[in-house]
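Step one of this worksheet: look at the structure below.
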2 protein chains.
Amino acid sequence: MQFEDIQNLGLTKQREVVLQVISDAHEHLTANEVFDNSKKLLPGISFATVYNSLRFLKDAGHIAEISFGGGASRFDRGTHRHDHAICTKCGKLADIEMEHPAELVALAASYSKFKPESLEFTLRGICPDCLAKV
Amino acid sequence: MQFEDIQNLGLTKQREVVLQVISDAHEHLTANEVFDNSKKLLPGISFATVYNSLRFLKDAGHIAEISFGGGASRFDRGTHRHDHAICTKCGKLADIEMEHPAELVALAASYSKFKPESLEFTLRGICPDCLAKV
DNA sequence: ATTAGATTTAGAATAATTCTAAATCTAATT
DNA sequence: AATTAGATTTAGAATTATTCTAAATCTAAT
């Protein structure tokens, strides 16, 4: 877990703010939410710039885009690879930090004939909160 | 691999057609493409009905929705669980038919504290066609 | 035939994302 | 300090994706 100085990545102020917002958030925000939060730090920022910045930051590997059936994409500070769990009751999205079984990527690559770059999975199930509510 | 008679699922004609279109397609279609193809079989069908049918068929487990960053959801005949590979060069989407390593779901569930229902992954990499083009 | 409930239709409405053109900024050069 | 080229931002329009609404139609059970 390495400290990354957002002030020093050679980003424009707008991109810095967008990255800051995503880093500070405890949840996975939509583009719209990123926009709302960014305006608090940089009132003049425009919607298009948020989208541009999201694309830029994604291409640069600073953030990751997550999407599920239904609704807008969400964004995630992409400092390292991780997986997701999504609750089929309430829709909550959680991160999973674990190593993959050694053979998983190789197996998937051999089945698909793709040259593998990365693999990420989504676990569908019921989150602890919803389990407790029954 | 079991034969399923689409004519006999107790579906409305519109839902039958939507399911037929998805089953017949060799690729993963967007809602828009499903609509276009459905019109060929049932000219009067409306866009809203295609969306309604997609939701219905998804809830009933006949089809699955797949979404990635960027663009519309795609739909897949969901007769059985499978994974996907997506090409980072050309965007092509392929199915992966393989068993998961035994411990994968249990491991993911224990890390997330979710009660697991299903798990699917996406392999990112370069597809055979793009590899050949270099 | 009647009726209640579900489904479909057409089109409007909303939400998500991208595009456009003009203005601004940045960094490199005079 | 002025000039310039290229990248970025802004504002808002445009496009694309999805959902909603209300009236019409269908279905199955009386």
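So that the names make sense, note that chain A is the first sequence line, chain B the second, and so on, each numbered from 1.
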Practice prompt. Could you please spell out the steps behind the salt bridge (charged side-chain N to carboxylate O under 4.0 Å, His left out) verdict for E27(B) and K92(B)?
Written response: CA-CA 9 Å; E27(B) 304 186 296; K92(B) 183 165 59 198; over 6 Å; no
Item to complete: Check the pair H84(A) / H82(A) against side chain to side chain contact (heavy atoms under 4.5 Å, CB included), numbers first and verdict last.
Response: CA-CA 7 Å; H84(A) 293 103; H82(A) 61 265; 3.4 Å; yes
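Salt bridge present: E65(B) and K58(B) bring a charged side-chain N and a carboxylate O closer than 4.0 Å.
For A72(B), the listed nucleotide lying nearest its side chain is dA17(D); candidates were dT7(C), dT8(D), dA17(D). Minimum atom distance to the side chain of F56(B) is reached by dT7(C), of the listed dT10(D), dT7(C), dT9(C). In this structure, the nucleotide among dT18(D), dA16(C), dT9(C) sitting nearest to the side chain of Q14(B) is dT9(C).
Taken residue by residue, residues 24-35 of chain A places heavy atoms nearer than 4.0 Å to DNA chain C at N32(A).
Contact annotation: S73(B) reaches the phosphate of dT18(D) (side-chain N/O to OP1 or OP2, under 4.0 Å).
The distance between atom CG of D59(B) and atom P of dT7(C), rounded to the nearest whole Å, is 12 Å. Here the C1' atom of nucleotide dT8(C) and the NZ atom of K39(B) are 16 Å apart, to the nearest Å. Per the geometry, OH belonging to Y51(A) stands 15 Å off P belonging to dT16(D), to the nearest Å. Rounded to whole Å, the distance from CZ on F47(B) to C1' on dA17(D) is 7 Å. Distance L11(A) CG to dT8(D) C1': 13 Å, rounded to the nearest Å. Look at CZ on R74(B): it is 15 Å from P on dT16(D), rounded to the nearest Å.
With the 3.5 Å cutoff on both pairing distances, Watson-Crick and G-U pairs in DNA chain C assemble into runs of at least 3 at C:1-30 with D:1-30.
T122(B) and E120(A) share no side-chain donor-acceptor pair at under 3.5 Å.
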Distances under 3.5 Å only, N/O to N/O: pair up the protein atoms with those of nucleotides 20-28 of chain D.
none

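Relative orientation of the Y51(B) and F47(B) rings is tilted, given thresholds of 30° and 60° on the angle between their planes.
Counting only heavy atoms from C-beta outward, the side chains of D83(B) and D95(B) never approach each other to under 4.5 Å.
Looking at D76(B), N37(B), D24(B) one by one, the single match for side-chain contact (heavy atoms from CB on, under 4.5 Å) with L29(B) turns out to be N37(B).
Between H100(A) and F121(A), the gap from one ring centroid to the other is short of 6.0 Å.
The line from NE2 of H28(B) to CG of L93(B) is 4.5 Å long, rounded to the nearest 0.5 Å.
The shortest heavy-atom contact between I45(A) and F35(A) is O-CE1, 3.4 Å. In terms of heavy-atom proximity, H80(A) sits nearest to E97(A) at NE2-OE1, 2.9 Å.
Here T49(B) lies in heavy-atom contact (under 4.0 Å) with a base.
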